Amino acid sequence: MNKAQKKNNKENKNNITNKKLVTFKIPATSANIGSAFDSVGLALDLYNEIHIYENTNSKKIDFEITGEGEEEISKDDNMILSAMKLVFKKLKSKPDKGYIIKCINRIPLSRGLGSSSAAIIGGLLSANYILGNKLSLENEILNMSVQLEGHPDNVSPAILGGIISGVVRKDEDFKYVKINPPKGLKAVVAIPNFYLSTEKARNALPKEISLKDAIFNISRAALLTSALSSNRLDLLEVATDDKLHQDYRAKFIPGLKDLFKQVKMSGAYSVTISGAGSSILSLVKDDEKIIKKVSNAMENSFSKKKIKSEIKVLNIPKKGIIIK
Ligand code: HSE
């Protein structure tokens, strides 16, 4: 038997003997939505999947990774595994069997679409499942993932779905309101072909801001959540204006100013940096012509700067994590 046949044989054997136990689907997210810096985020129906199988050949946790980051993500030391170890520590217990964790990644890495949140949440859920689901999703898992990821506006919509407004920690609890996605609202997302690390994008921000800028953003963030919850989508353009982060981050996203202008002229409700970037989020009416115009405006603005981008038209799902 040659090498390839042996590999094939082993894979077939694994497929027959390894029973699938559970699947987690974790959505992408887009944080900030302009004015609501670090305070509001929404889920997007672009999912990373984690499939857990019994590992009949070993007592270890083995990873298989396909899709986004398959070349970069280590199978021995990754965010999913680190999050899993934290659950083992918290529950003072370890798995007594081996598992295969198959990851199908669709959320691009380091583009402001919540790939780290998805990995951390996926790790916490996987370990919790393996140890008998002792931790609650909306309390302990949410709490731990915020601690690990550091940005509640990213993590909470992935877990809870919809639009999550104001994840505020009060003692041991989180206070937030979930806004159901307004009907007829679509998200057009442009994903440029370059990474932007959150650390780099945060380091570009000033340590202090003026009272004037603070008031500018607070008033618009208040308008944003009211507009989204009362279906006043006509207010989104002004409600997403911001003076706290986007101008400082513009230097990392070539042609951002022109892109914003072109997208607004194409009839979008709003256009903002998605999370810390480098992706762009535009909220638009579910109208084929507008979606096409906005998509073209995004793609053309990037290509004027010789940047390739992928455009995705997405929904804001009502539900966060899907467990099957
Ligand atoms: N609100 C955070 C930021 C999200 O914009 O820096 C980081 O993922």
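For clarity, every value in this text was computed on a predicted model and none was experimentally measured. As the structure lists them, so they are numbered: ligands from 1, and atoms in each ligand from 1.
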Check your understanding: If you measure from the Lys or Arg side-chain nitrogens to the Asp or Glu carboxylate oxygens, is any gap between Asp38 and Arg202 under 4.0 Å?
Key -> yes

Point to revise | Polar proximity ligand 1 side, Glu149 side, N/O cut 3.5 Å exclusive | key: no

Practice item. Taking only heavy atoms of Asp153 into account, list the atoms of ligand 1 that are under 4.0 Å away from them. Key: 1 (N), 2 (C)

**Study point:** Step-by-step side-chain hydrogen bond (donor to acceptor under 3.5 Å, both in side chains) determination, Lys25 to Asn48
**Key:** CA-CA 6 Å; Lys25 287 178 75 179; Asn48 276 5; over 6 Å; no

Exercise for review: Check each atom of ligand 1 against the heavy atoms of Asp38 and keep those under 4.0 Å away; list them by number with element.
Suggested key: 1 (N), 2 (C), 3 (C)

Point to revise | NZ (Lys97) with more than 12 external heavy atoms under 6.0 Å | key: no

**Study point:** side-chain hydrogen bond (donor to acceptor under 3.5 Å, both in side chains) assessment of Asn18 paired with Thr56
**Key:** CA-CA 6 Å; Asn18 293 324; Thr56 45; 2.7 Å; yes

Review point. Passes salt bridge (Lys or Arg N to Asp or Glu O under 4.0 Å), Arg106 versus Glu49? Steps please.
Key: CA-CA 8 Å; Arg106 299 198 183 90; Glu49 290 179 19; 3.1 Å; yes

Revision key, fill the gap. Note: ligand 1 atoms sitting under 4.0 Å from heavy atoms of Arg249 are 3 (C), 5 (O), 6 (O)

Review point. Does ligand 1 have an atom that lies less than 4.0 angstrom from a heavy atom of Gln246?
Key: no

Review point. Under 3.5 Å, is there a donor-acceptor pair between the Glu72 and Tyr195 side chains?
Key: yes

**Study point:** Proximal atoms of ligand 1 relative to Gly275 (non-hydrogen, under 4.0 Å)
**Key:** 5 (O)

Check your understanding: Against heavy atoms of Asn32, which atoms of ligand 1 measure under 4.0 Å?
Key -> 1 (N), 3 (C), 5 (O)

Point to revise | Atom indices of ligand 1 within 4.0 angstrom of Arg202 heavy atoms, with elements | key: 2 (C), 3 (C), 6 (O)

Exercise for review: Would you check whether His245 has a nitrogen or oxygen atom less than 3.5 angstrom from a nitrogen or oxygen atom of ligand 1?
Suggested key: no

**Study point:** Leu244, Thr198, Asn154: member with heavy atom nearest to atom 8 (O) of ligand 1
**Key:** Asn154

Review point. Is Arg232 paired with Asp234 through a side-chain N to carboxylate O contact shorter than 4.0 Å?
Key: yes

